[in-house]
Amino acid sequence: MKKFLLILSFSMGIYASAQEELKKDSVIVDTVKYWSVLGKNSLMINQAAFSNWAGGGANNVGWLAGVNYNITYEKDNDLWENIIALDYGQNDTKGLGVRKTQDVINISTNYGRKFSKSWYFSLGAGLQSQFAAGYEDGNNPAAKKISNFMAPGYLNVGMGITYRPNDNLTVTMRPTNARWTFVLDKELQFAGSYGLKNDGDTSLLQFGFLGTALYKVKLMENVHITNTASVFSNYLDHPERFVLAYGAAVNFKVNKFISSNITLDLLYDHNQIQKTQLKQTLGIGFAYILNNGVKRSDRKDSQWWIKK
């Protein structure tokens with residue numbers, strides 16, 4: 001939890017710095033702002049209580065906190081986009097105890113230099129991990145540990161091209177991409193774990209192709225869906241073993257402060273387990289949206305998915 005609060009403070013610092021840039025720019029230019037800050041802070045609560053209920057059931061209470069920011073700088077031919085997505089949640093069920101239900105660290109940055117309409121030469125990096133330990137048997141702390149902070153952790157660094165015709169669609173293709181897998185928990189550093197070659201290894205380096213895509217859709221009024229997808233192929237070892245990931249987040253907005261979210265994540269990574277992994281969540285609660293209320297350029301004024 002301390003790691004979550006530390007990274008949350010870091011993201012707040014980035015937001016504050018971006019706001020300072022906005023103030024400076026507003027003195028010079030009133031119609032075009034180069035920084036765009038879109039953010040959503042959420043806290044979801046769920047609870048169930050039973051007393052003499054013939055159908056059975058266990059009293060439980062759960063929570064899920066999330067921070068999601070898109071901080072973008074765009075001026076002339078320069079495009080610099082930063083994404084911060086942090087989620088952590090727990091559930092306390094009578095007779096079972098506290099279990100982790102959601103745990104995500106996903107931070108990325110991508111800089112592009114336009115060479116044609118909607119096309120950019122780009123260079124970027126991304127970090128993915130989790131805050132706390134995960135266990136077999138439904139995250140039961142008494143079971144075998146299978147993950148921890150930066151175990152695994154994935155760092156991608158590469159260069160390629162980005163296609164971004166508008167705020168709703170971004171596609172990046174990196175034919176040169178280095179992918180480091182980190183396993184910093186000593187209990188998990190044995191051969192075969194997350195692709196490690198030898199016992200005691202702390203990392204694995206792969207080099208290959210990385211493709212990512214982000215697509216936002218308005219299904220109906222106050223109902224929006226964000227789709228993300230990625231594919232990685234390691235040139236150096238079994239390039240046919242793709243690392244595939246897909247995520248969908250559906251947001252039902254009730255009003256400025258209340259919303260409901262449904263998320264679906266699919267993952268296949270041969271180095272983790274040779275099966276398709278699936279995760280689904282549903283929550284309703286408080287959400288506060290940050291929007292600097294200005295457009296980044298003449299074609300950046302249709303940010304409908306976060307309108308107040």
Side-chain angles (χ1 to χ4, degrees), residues 3-27 29-45 63-75 79-89 102 104-111 126-127 131 164 166-170 214-218 221-228 247-263 281 283-297 299-308:
K3 302 184 186 77
F4 179 79
L5 294 175
L6 178 62
I7 297 179
L8 177 59
S9 299
F10 173 73
S11 66
M12 291 296 100
I14 293 178
Y15 171 72
S17 298
Q19 290 298 308
E20 288 299 319
E21 291 295 331
L22 281 167
K23 292 178 182 178
K24 294 177 183 178
D25 287 341
S26 63
V27 175
V29 180
D30 292 329
T31 58
V32 178
K33 307 300 181 182
Y34 304 124
W35 282 103
S36 172
V37 181
L38 312 178
K40 181 178 181 181
N41 305 307
S42 60
L43 177 62
M44 306 291 179
I45 305 293
W63 63 273
L64 170 63
V67 172
N68 198 311
Y69 281 88
N70 186 316
I71 304 171
T72 303
Y73 176 83
E74 185 174 23
K75 181 180 180 182
L79 174 65
W80 180 27
E81 186 169 30
N82 304 276
I83 296 176
I84 301 171
L86 310 173
D87 292 288
Y88 191 81
Q102 181 80 313
V104 175
I105 299 174
N106 194 338
I107 302 173
S108 65
T109 183
N110 192 65
Y111 168 76
L127 174 67
F131 292 100
R164 184 186 170 90
N166 52 58
D167 284 342
N168 303 337
L169 176 64
T170 303
L214 171 69
Y215 182 47
K216 300 177 181 179
V217 182
K218 180 180 180 180
E221 190 65 28
N222 292 329
V223 180
H224 311 117
I225 181 170
T226 300
N227 300 276
T228 58
V250 183
N251 178 259
F252 302 86
K253 185 177 179 181
V254 179
N255 56 39
K256 184 178 179 180
F257 298 106
I258 304 294
S259 70
S260 178
N261 294 300
I262 299 175
T263 67
T281 65
I284 183 169
F286 300 97
Y288 180 69
I289 294 173
L290 296 175
N291 176 15
N292 62 19
V294 297
K295 55 185 180 180
R296 298 195 295 274
S297 69
R299 64 180 179 84
K300 298 296 181 182
D301 58 353
S302 59
Q303 299 168 350
W304 46 259
W305 63 91
I306 47 81
K307 283 184 179 178
K308 297 180 180 179

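Quick note: numbers below take in every heavy atom, side chains included, and nothing from hydrogens, waters or symmetry partners. No experiment lies behind these values; they were computed from the predicted model shown.
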Under the rule for side chain to side chain contact (heavy atoms under 4.5 Å, CB included), what residues qualify as partners of Ala85, not counting sequence neighbours?
Asn68, Asn106

When rounded to the nearest 0.5 angstrom, what is the spacing between [atom1] in [X] and [atom2] in [Y]?
X      : Y      : atom1 : atom2 : value
Tyr288 : Ser42  : OH    : OG    : 14.0 Å
Thr109 : Ile71  : OG1   : CD1   : 10.0 Å
Thr170 : Arg164 : OG1   : CZ    : 4.0 Å
Phe257 : Ile289 : CZ    : CD1   : 10.0 Å
Tyr111 : Glu81  : OH    : CD    : 14.0 Å
Leu169 : Asn227 : CG    : CG    : 10.5 Å

Taking side chain as C-beta onward, heavy atoms only, is Ile105 less than 4.5 Å from Leu86?
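In short, these two side chains touch, coming nearer than 4.5 Å.
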
Qualifying residue, where the test is side chain to side chain contact (heavy atoms under 4.5 Å, CB included) with Lys40 and the options are Asn70, Leu290, Asn261:
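So the option named by the test is Asn261.
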
Between Thr281 and Thr263, a side-chain donor and acceptor under 3.5 Å
yes

Could you walk me through whether Asn41 and Tyr69 satisfy the side-chain contact (heavy atoms from CB on, under 4.5 Å) test, starting with their C-alpha distance in whole Å, then the side-chain angles of each, then the deciding distance to 0.1 Å, before giving a yes or no?
CA-CA 9 Å; Asn41 305 307; Tyr69 281 88; 3.3 Å; yes

Give the intermediate values and the outcome of side-chain contact (heavy atoms from CB on, under 4.5 Å) for residues Ile284 and Phe252.
CA-CA 9 Å; Ile284 183 169; Phe252 302 86; over 6 Å; no

Between Asn251 and His224 (side chain of the first, backbone of the second, donor and acceptor by atom type, cut-off under 3.5 Å), is there such a pair?
no

Flag, side chain of Ser260 to backbone of Gly283, donor-acceptor distance under 3.5 Å
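Pair found, side chain donor or acceptor close to backbone of Gly283.
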
What closest approach, in Å, do Ile258 and Asn255 show between heavy atoms, and which atom pair accounts for it?
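Reported closest heavy-atom pair: N-OD1, 2.8 Å.
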
Please report the shortest heavy-atom distance between Val217 and Tyr215, naming the atom on each side.
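In terms of heavy atoms, the two residues are closest at CG2-CE2, 3.2 Å.
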
Does the plane of the ring in Tyr88 sit parallel, tilted or perpendicular to the ring in Trp63? Use 30° and 60° as the thresholds.
tilted

